[in-house]
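To start, the structure itself, in structure tokens.
For this chain, numbers begin at 1 and follow the sequence in order.
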Amino acid sequence: MATTEGSFDGVRERCDSCDVETTHRVSVQLKTESRKEENAQFSREPYRIAECLECGARTSQRMNNA
């Protein structure tokens with residue numbers, strides 16, 4: 001889905017903290033899961049981060065469960 005700058009207001013989804021459907025800011029972050037330095041470059045996994053714009057609650061969900 002293509003959007004123009006400034007035309008995207010967020011994603012509406014249920015917020016467990018607010019207990020209603022609210023607008024969320026959604027992003028993807030790469031998180032390093034290994035604590036060992038020599039393997040850190042191979043242990044990055046994508047996580048979906050959603051932040052409620054009403055209450056500020058954040059959720060994080062691992063996207064690759066292989």
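Residues satisfying the side chain to side chain contact (heavy atoms under 4.5 Å, CB included) criterion with E54, sequence neighbours excluded, are C18, T22, C52. In this view, T32 and A40, S43, R44 satisfy the side chain to side chain contact (heavy atoms under 4.5 Å, CB included) rule, not counting sequence neighbours. Shown here are the side chain to side chain donor-acceptor pair (under 3.5 Å) partners of E45, two or more places apart in sequence or in another chain: R62, N64. Here R58 pairs with nothing under the salt bridge (Lys or Arg N to Asp or Glu O under 4.0 Å) rule; sequence neighbours left out. Taking D16 as the reference, nothing meets the side chain to side chain donor-acceptor pair (under 3.5 Å) condition, with sequence neighbours excluded.
The closest side-chain heavy-atom distance from R48 to V26 is below 4.5 Å. Residues P46 and Q29 fail the side-chain proximity criterion, which asks for heavy atoms closer than 4.5 Å.
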With salt bridge (charged side-chain N to carboxylate O under 4.0 Å, His left out) as the criterion, how do E21 and R14 come out once you've worked through the C-alpha distance, each side chain's angles and the decisive distance to 0.1 Å?
CA-CA 4 Å; E21 187 174 289; R14 181 162 183 79; over 6 Å; no

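For the atom pair C15 SG and H24 NE2, the distance stands at 4.5 Å (nearest 0.5 Å). Summarising the geometry, atom CD belonging to Q61 is positioned 10.0 Å from atom OH belonging to Y47; distances are rounded to the nearest 0.5 Å. One finds the CD atom of E51 at 10.0 Å from the OG1 atom of T59 (value rounded to the nearest 0.5 Å).
V20 shares a hydrophobic cluster with no other residue; no ILVMFWY side chain has heavy atoms under 4.5 Å from its own.
Within 6.0 Å of atom CZ in R25, 12 or fewer heavy atoms from other residues, nucleotides or ligands are found, so the atom counts as exposed in its surroundings.
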